[in-house]
Every structure is written in C-alpha cells, then in structure tokens.
Number of protein chains: 2
Amino acid sequence: MADGSTNDTITQPSSKLEQAIRVDLAEGRLAVDRRLPPERELAERYVTTRITLREALSHLEMDGLIYRENRRGWFVSDRRLVYNPLWRTDFQRMTREQNRQASTELIEAVSAIAPEAICALLEQPVGTEFWRIRRRRRVDGRLVVFVEHHLNKTVFSDILEQDLTGSLTNLYREKYALEYGDVSFEINPISLTGMPATELRCSDGTFGLQIVRVNRDQSGLILDCDVEYWRHDAVSIRIDTRDGPG
Amino acid sequence: MADGSTNDTITQPSSKLEQAIRVDLAEGRLAVDRRLPPERELAERYVTTRITLREALSHLEMDGLIYRENRRGWFVSDRRLVYNPLWRTDFQRMTREQNRQASTELIEAVSAIAPEAICALLEQPVGTEFWRIRRRRRVDGRLVVFVEHHLNKTVFSDILEQDLTGSLTNLYREKYALEYGDVSFEINPISLTGMPATELRCSDGTFGLQIVRVNRDQSGLILDCDVEYWRHDAVSIRIDTRDGPG
DNA sequence: TCACCTCATTGGTATAGACCAGATGTGTGG
DNA sequence: CCACACATCTGGTCTATACCAATGAGGTGA
C-alpha cells in the first residue's frame with residue numbers, strides 16, 4: 001500500500017539542517033553500519049549546537065527515519081514490519097514471510113495478580129491471578145516490541161514447563177488443542193515509559209504504539225490478553241476484510 | 001478497555017518538573033478553560049528555562065495529556081475518540097454515540113490527478129484523475145483529523161453538486177444507492193508535516209496517526225480511498241471480530 | 001461596514017557551555 | 001578464566017539569552 005512514506009504531494013520537509021541530514025542519510029554518507037556518529041561530532045559537522053541538532057534528530061526520529069537506543073546512540077531505521085492483529089500466525093512465520101529474521105527473549109514467566117484493567121478485559125474478578133509472561137522481540141536484530149501476556153491459569157495450568165521463547169499460538173494448538181476464535185483489540189499511540197521503555201532500550205518518553213488484544217477460542221472462552229508496546233517506526237498495521245479473520 | 005492510560009504497574013513517570021506539571025494539571029491548577037498559560041509564564045512559575053519547560057511539555061504532549069496548536073499555545077487534551085475503521089457509520093453518528101459533538105469543514109473538492117501510490121491503491125493507471133475532497137473534522141471544537149478522499153469520477157460524476165460537509169457514507173447510500181462492502185486499511189504512526197499539519201494547526205513534526213483506507217461496494221468495486229491524518233492523542237482504534245464488519 | 005495594516009503576544013528556533021547518568025570496554029586482581 | 005572496578009564514551013538534562021515568525025486583536029481609513 002502507501003508504505004507510510006511521507007514524501008507525498010501534501011507533506012513537506014521543514015528546517016534546512018533537517019533536510020541536510022535527510023539527504024546525507026539517503027545517500028549513505030552518514031551512517032556507518034546503520035549507526036550514526038555521536039551527537040557532538042554531528043553538531044560539529046553541521047556547524048550547529050547539540051540542542052539544535054537534537055531537535056532535528058528528534059524530527060527524523062518521529063518521521064521514522066532513525067531511532068535511538070537509550071544512551072547508546074542513533075541508528076538508521078529499517079522498513080516497517082507489516083502486522084495484522086487479526087491474524088494469529090506466529091511471529092516467526094509472519095517475519096519470515098516478509099523476509100525478516102525474528103527472535104524472542106523471555107523476560108519473566110510468573111503467577112501474578114493482574115491489574116484491574118486486565119482483570120476487567122479478561123472478565124475475571126479484580127485480584128485474580130494469571131500467568132504473566134513478559135517477552136521482547138527483535139526483527140533483524142533490532143528490539144521492536146515488548147509484550148506482556150496474561151493467561152488463564154486454569155486453562156494453561158502447566159504452561160511454565162513449556163518453551164516460552166517460541167510461539168504461544170503453536171503451544172495453544174499443539175499442547176492444549178485450542179484454536180483461536182474471536183479477537184478484539186485496541187490500538188493507542190502512547191509514549192513509552194517504565195518497563196516497556198527499559199526493555200526496548202529506548203529513552204523514556206519515546207513514542208510508541210500500544211496494542212491491547214483479547215483472544216478467545218472457538219467457543220468464545222477468553223484465553224489470554226496481551227499488551228504489546230511497539231517502537232512506532234517498526235510497524236505498520238494492515239487489515240483487509242477480504243482476507244477474513246485469518 | 002484499557003483506555004490508553006499509562007498509569008499501569010509497568011509504566012512510570014520521569015523528571016520532577018514533568019511530574020509537578022502532571023499533578024497541577026490533574027488538580028486543575030494549571031489550565032484556564034482548557035488552555036495553559038504562556039510558556040514564559042510557566043517557566044517562571046516552575047523556576048526553570050523555557051527550553052527545559054518545553055522538554056517537559058513535549059513529554060506530556062506525547063503522553064496525550066496536552067497538545068499544542070501551532071504558535072497559539074498549549075491546551076489540555078480531552079478523552080480519545082473510539083474509532084473502528086471497519087465500521088462505516090458516519091462521523092456524526094459515531095461521535096454522537098460517544099456523547100461528543102462533531103463538525104466537518106470542507107477544504108476543497110476538485111478533480112485532480114492522483115499520486116502514483118493512490119492510483120495503485122485504487123487499481124487505476126498512473127495519472128488517472130479522481131475527485132479529490134479534502135476536509136477536516138473537529139470533535140468538541142478541537143481539530144482532530146484531516147482527511148483526503150479520492151473518488152472514482154465515473155461512479156460519482158455529479159458529487160461536487162452535493163453537500164460535502166456531511167457524511168459521504170450517507171451520500172453514497174442515498175444518492176448513488178451504494179452500500180459498502182469490503183474495506184482494507186493501513187495504520188501508520190507518522191509525523192505530521194505539510195498540509196495535514198497546517199490544516200490541523202499543529203506545528204510541523206507533531207506526532208500523528210495516518211490511516212489509509214480503501215472502500216469497496218457489495219460487488220467488490222473500488223469506490224474510493226481516504227487518507228486520514230489524526231492527531232495522535234485524539235483517537236483510540238478499537239476492533240472486535242464479534243461485532244462483524246459493521 | 002469592511003478590508004487592511006500594525007503591533008503585541010505566543011510559540012519556534014538558535015547559540016554556548018556545563019554537568020549528570022547510563023552503557024561499554026579495559027584492565028586489574030583474584 | 002572470571003569477576004569486579006574504573007575510565008571513557010554516549011546521550012540526557014539543565015542554565016541563560018537572543019532573535020525569528022506566525023497569530024490574533026485592535027485600530028485605521030476607505
């Protein structure tokens with residue numbers, strides 16, 4: 001589709017500095033191995049101050065051209081991953097189909113009382129315990145999403161004994177003979193703070209996309225809920241009713 | 001659902017200044033009639049510089065608590081409008097159901113050659129002319145979205161004679177006896193620049209959500225495509241497969 | 001009455017320099 | 001070989017000041 005490019009007829013660039021960086025980036029004069037030089041060096045190169053430079057970099061960051069890792073530096077963004085939250089294909093397969101390389105890291109898998117909002121979503125009384133699984137995923141090496149799953153403990157009594165770095169979708173099907181049914185989700189543009197920011201190694205307040213999803217099985221039973229925090233420039237949501245619910 | 005609140009267990013605030021402003025906002029000590037005092041005044045009040053203050057305000061802006069209008073000032077954000085891009089209910093009705101007040105302003109309605117990307121989406125040769133309708137919409141008085149429609153000129157030969165500040169959905173049904181069929185759309189977090197920024201009166205580079213949608217009728221004929229540019233803090237996307245395609 | 005102009009107000013951008021804090025790599029000592 | 005401490009590199013935050021540019025209110029003149 002339109003691929004999120006902002007070089008439309010109706011969108012225009014802004015400052016000269018920003019434009020200069022944009023050109024240098026496009027022609028590959030700036031980044032070495034997808035990494036930009038330090039801010040101090042860039043400020044010197046463009047004969048400006050760090051503050052002004054950082055303004056420009058922030059704009060390019062919001063535009064999705066570059067991103068930063070907290071106190072580590074600036075990097076060039078790759079193309080967005082196309083994501084359909086209605087499809088329940090596992091992450092590995094989804095990325096493979098787009099010729100990308102995915103990996104998943106398990107952060108924790110524990111039993112915990114879910115926050116009120118989560119209990120409500122899962123239609124359980126406030127204070128109910130769920131399995132809480134926190135993971136983060138990379139695409140082509142880059143950290144792109146932090147996910148927090150809350151699973152029904154009754155349905156998945158022994159899930160902690162499984163390999164949780166793989167696809168939960170596959171586990172559901174293979175170990176518990178569950179197929180997905182209805183899905184509901186919510187997408188909110190938010191700023192990443194706290195654990196999502198830490199885990200994604202982005203500085204506090206970086207822009208992101210929160211996707212809250214509630215999954216049911218064929219009979220309508222609520223299986224789990226996952227809250228995803230995406231780096232904003234790493235994803236493009238795409239849905240087509242002709243595809244069916246997948 | 002989770003309503004986009006970032007006061008989860010896993011998200012935390014950041015700097016002291018930011019926190020102070022957050023508290024003052026929450027307790028209504030800051031805004032008069034939803035408008036914040038000038039930056040210079042705020043900087044004095046919190047004993048800091050404008051630069052530092054603006055950093056903090058930007059964070060709160062990304063968090064969706066406040067927003068700015070270009071060179072006009074800072075304002076307190078209202079709650080998000082819940083939006084399901086699969087539903088074809090008209091804007092007026094959608095907002096009314098959420099006890100909000102909507103209005104639409106027509107910017108232009110002309111015949112124009114569509115950009116390549118749009119022609120591709122509409123499955124027409126490059127260089128095809130379409131009706132191009134540009135509008136902007138408000139919710140409770142606030143500018144929240146800029147929309148650019150591209151309509152098939154053959155299907156809607158006399159659409160310029162209609163009232164274009166109302167619902168196109170209703171026009172399609174009432175004047176052209178067309179009902180919506182399949183829909184496909186794409187959501188991209190982007191920065192607002194150029195015309196969308198100007199029309200929404202936000203400063204260049206403000207964060208936004210771009211939604212590109214292609215609409216078909218019952219027989220699969222492509223009717224139109226609309227590109228929406230939302231202010232990021234004004235909308236929450238929500239989809240539930242149990243609702244059906246609406 | 002209305003179009004136009006002027007000017008005060010407001011945010012937007014810029015300079016210059018300093019220090020803080022997390023991330024990393026290096027080297028030392030066990 | 002490994003664990004730990006330290007130096008250094010990086011971005012993150014902050015002070016202080018200045019000027020630019022769009023907005024909007026008020027006044028002026030046709």
Side-chain angles (χ1 to χ4, degrees), chain A residues 12-21 30-62 66-75 143 191-195 197-207, chain B residues 12-21 30-62 66-75 143 191-195 197-207:
Chain A
Q12 298 297 330
S14 41
S15 84
K16 294 137 283 179
L17 170 60
E18 195 181 320
Q19 194 52 27
I21 301 178
L30 223 48
V32 177
D33 208 24
R34 306 195 74 76
R35 183 187 192 122
L36 273 69
E39 292 179 356
R40 287 167 176 83
E41 204 173 299
L42 286 172
E44 197 176 349
R45 180 153 163 185
Y46 291 101
V47 198
T48 181
T49 54
R50 263 186 75 208
I51 296 212
T52 306
L53 176 85
R54 277 169 62 81
E55 272 284 325
L57 291 177
S58 295
H59 274 177
L60 298 178
E61 179 188 31
M62 289 203 279
I66 58 177
Y67 67 96
R68 54 183 130 175
E69 289 196 8
N70 199 11
R71 287 169 205 278
R72 280 169 38 82
W74 293 88
F75 303 85
L143 287 166
S191 76
L192 301 173
T193 54
M195 182 176 289
T198 309
E199 291 301 329
L200 292 176
R201 297 220 276 196
C202 61
S203 27
D204 211 278
T206 300
F207 218 89
Chain B
Q12 298 296 331
S14 40
S15 85
K16 295 137 283 178
L17 171 60
E18 195 181 322
Q19 192 54 26
I21 300 178
L30 223 48
V32 177
D33 209 25
R34 305 195 74 79
R35 184 188 190 121
L36 272 67
E39 293 179 356
R40 287 166 176 83
E41 205 173 299
L42 286 172
E44 197 175 350
R45 181 154 163 185
Y46 291 102
V47 198
T48 182
T49 54
R50 263 185 74 208
I51 296 211
T52 305
L53 176 87
R54 277 168 62 81
E55 272 284 326
L57 291 177
S58 295
H59 275 177
L60 298 178
E61 180 188 32
M62 288 204 279
I66 58 177
Y67 66 95
R68 55 184 129 173
E69 290 195 8
N70 199 11
R71 286 171 205 276
R72 280 169 39 81
W74 292 88
F75 303 84
L143 287 166
S191 76
L192 301 173
T193 54
M195 183 176 291
T198 309
E199 291 301 329
L200 292 176
R201 297 220 278 195
C202 60
S203 28
D204 210 279
T206 299
F207 218 90

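A quick note: this is a predicted structure, and the numbers were derived from the prediction, not measured. Note on naming: letters A, B, ... go to the chains in the order of the sequence lines (proteins, then strands), and numbering restarts at 1 for each one.
Distance, A:Arg71 CZ to C:dA23 P: 7 Å, rounded to whole Å. The distance between atom CG of A:Leu57 and atom P of D:dG12, rounded to the nearest whole Å, is 10 Å. Atom CD of A:Glu39 is separated from atom P of C:dG17 by 17 Å (rounded to the nearest Å). As a whole-Å value, the separation of A:Leu17 CG from C:dT13 P is 11 Å. Atom NE2 in A:His59 sits about 9 Å away from atom P in C:dG12, given to the nearest Å. The separation between A:Ile51 atom CD1 and C:dA14 atom C1' is 9 Å, rounded to whole Å. Rounding to whole angstrom units, CZ of residue B:Arg68 and P of C:dT13 are separated by 8 Å.
The side chain of A:Thr52 approaches C:dT15 more closely than any other nucleotide in the set C:dT13, C:dT15, C:dA18.
In this model, no side-chain donor or acceptor of B:Arg54 finds a partner on the base of C:dG12 within 3.5 Å.
Residue B:Asn70 has no polar side-chain atom (N or O) positioned under 4.0 Å from OP1 or OP2 of D:dT23. Taking side-chain N and O atoms only, B:Ser203 has a distance below 4.0 Å to OP1 or OP2 of C:dG12. Here B:Thr48 does not reach the OP1 or OP2 of D:dC14: none of its side-chain N or O atoms lies under 4.0 Å away. Contact annotation: A:Thr49 side-chain N/O to C:dT15 OP1/OP2 distance is under 4.0 Å.
If you check every strand for non-hydrogen atoms under 4.0 Å, A:Arg201 touches sugar and phosphate atoms only.
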